[in-house]
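Right, one structure below, let's go through it.
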Amino acid sequence: MALLLRTVARHSVYASHLQFGPLCRHAVPMGTTAKEEMNKFWAKNANLNRPMSPHITVYRWSVPMVMSISHRATGIGLSGGISLFAVAALVLPGNFSNYLDLIHSMSYGPAFLAFSKFALALPVSFHTFNGIRHLRWDVGKGFKIPQVYRSGYTVLTLTLLTSIALASI
Amino acid sequence: MMAALVGMGSVCRRSLLLRSLLPLRPLIGQRDREPDRPPRLPASLHTSPVSHAAGSKGASLHWTAERVLSVALLGLGPVAYMYPVPAVDYAIAAALTLHGHWGLGQVITDYVHGEAKVKAANVGLFALSAVTFAGLCYFNYNDIGICKAVALLWSK
């Protein structure tokens, strides 16, 4: 009698084994890629005209956060600047030294020249030093929070010193 | 309980080796299994899927290439300072444009959504990078070149 009951119970468990999703899931390869899933998410929510939850407006800004977005901002800015230079080279008449002499002849004064050099050097050095910080993360080092802050302050210090040094030569 | 967990543990290890789903015997029905085998729970394990239906290694290789290029660009800096020659000019033009192209590509991936918009943005980016590279090469060829230009700019 007990054997009969146990046999029946075992079969029912096997049956439920096949039905219960969260308890037992078969390894089926994913039908969609991550990209497809993301697109589906955006398409659905844009379609429903859902507002986006406040995120950057409410989250407390930290040094790592600001440095991260600055890395992106300097990257975009520098890239834009290079593209501008390239288009100018293609479109504008004359050559580079002419334009330099033109700017120099306008005699803006040494303070202005030093300031412009600083303004050019700052994004380049920040992006470079923070880029090295990123590469260090990419090999898996320096992820502990105190390390993140320490490397961050190092980058900021080096950036400032390098920009000042470059502006003065 | 512990025995069941041990059972689970040994099955876990086996599954990881097999990389497959291993349905387990239900706990009920202990009579007819070997008495020395520990009882197992009616659960199934889904190990990390090395799914053969998944995409290629393209994204991973791209990531590595981005980092290699960044390191190369870092190295080009001091080289450009010490040897301001045309070869370095063109190397910088290529490395800088590609680094910017890939970087802006990541920005698009992060902020632009929707298949049509992504495609349009990437086309625009490609055009921008192409023009940028063309302009830099033109400058290298017809003017003093990137290295000397920076030196000249800084000497003023």
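Labels below follow one simple rule: chain letters A, B, ... track the order of the sequence lines, proteins then strands, and each chain is numbered from 1.
- Counting non-hydrogen atoms of neighbouring residues, nucleotides and ligands closer than 6.0 angstrom, the CD atom of B:Glu115 reaches no more than 12 such neighbours.
- Taking CG of B:Leu74 as the reference point, atom CZ of A:Phe129 lies at 9.5 Å (rounded to 0.5 Å).
- Per-residue counts of heavy-atom pairs under 4.5 Å with chain B were compared for A:Thr128, A:Val91, A:Ile76, A:Ile103; the largest is that of A:Ile76.
- Distance check, rounded to the nearest 0.5 Å: CG of B:Leu125 to OG of A:Ser79 gives 8.0 Å.
- B:Val131 is not listed as a side-chain neighbour of A:Ser83, based on a closest heavy-atom distance of 4.5 Å or more.
- The backbone N or O of A:Leu166 lies less than 3.5 Å from a partner atom in the side chain of B:Trp154, making a donor-acceptor pair.
- Considering only heavy atoms from C-beta on, B:Trp63 comes within 4.5 Å of A:Asp138 through its side chain.
- The candidate from A:Leu113, A:Ile82, A:Leu84 with the greatest count of non-hydrogen atom pairs under 4.5 Å with chain B is A:Ile82.
- Note: the hydrophobic cluster containing A:Tyr153 also contains A:Ile145 (ILVMFWY, side chain heavy atoms under 4.5 Å, direct or indirect links).
- Put simply, CG on B:Leu153 and OH on A:Tyr99 are 15.0 Å apart, with the number rounded to the nearest 0.5 Å.
- Put simply, B:Leu69 and B:Val71 are part of two different groups of oily side chains (I, L, V, M, F, W, Y) that touch within less than 4.5 Å, one to the next.
- At a threshold of 4.5 Å between side-chain heavy atoms, the hydrophobic network of Ile, Leu, Val, Met, Phe, Trp and Tyr places A:Leu120 and A:Ile169 in one connected group.
- Counting heavy-atom pairs closer than 4.5 Å to chain B, the top residue among A:Asn39, A:Val87, A:Leu100 is A:Leu100.
- For the set A:Ala121, A:Ala89, A:Gly75, the count of heavy-atom pairs under 4.5 angstrom toward chain B peaks at A:Ala89.
- The local environment of CZ in A:Phe143 is crowded, with over 12 non-hydrogen atoms from other residues, nucleotides or ligands closer than 6.0 Å.
- When the side chains of ILVMFWY residues are joined at heavy-atom separations under 4.5 Å, either directly or via intervening members, A:Ile56 and A:Tyr59 end up in a single hydrophobic cluster.
- To the nearest 0.5 Å, atoms CZ (A:Phe85) and OG1 (B:Thr132) are separated by 11.5 Å.
- Put simply, B:Val79 and B:Val85 are part of the same group of oily side chains (I, L, V, M, F, W, Y) that touch within less than 4.5 Å, one to the next.
- In this structure, NZ in B:Lys148 is found 13.0 Å from CZ in A:Phe96, a value given to the nearest 0.5 Å.
- Interface residue A:Ser97: backbone and side-chain heavy atoms are both found under 4.5 Å from chain B.
- In this structure the side chain of A:Arg72 reaches within 4.5 angstrom of the side chain of B:Asp110, judged on heavy atoms.
- Cluster partners of A:Leu78, using a side-chain heavy-atom cutoff of under 4.5 Å among ILVMFWY residues and allowing indirect links, are A:Val124.
- Residues A:Asn95 and B:Ile144 fail the side-chain proximity criterion, which asks for heavy atoms closer than 4.5 Å.
- The part of B:Leu104 that comes within reach of chain A is its side chain, from C-beta onward, which places non-hydrogen atoms under 4.5 angstrom from that chain.
- Here B:Phe139 is the residue among B:Phe133, B:Tyr138, B:Phe139 with the most heavy-atom pairs under 4.5 Å with chain A.
- At a 4.5 Å heavy-atom cutoff, the contact between B:Leu96 and chain A is made by side-chain atoms alone.
- B:His99 contributes atom NE2, which lies 4.0 Å from atom NE2 of A:His127 (distance to the nearest 0.5 angstrom).
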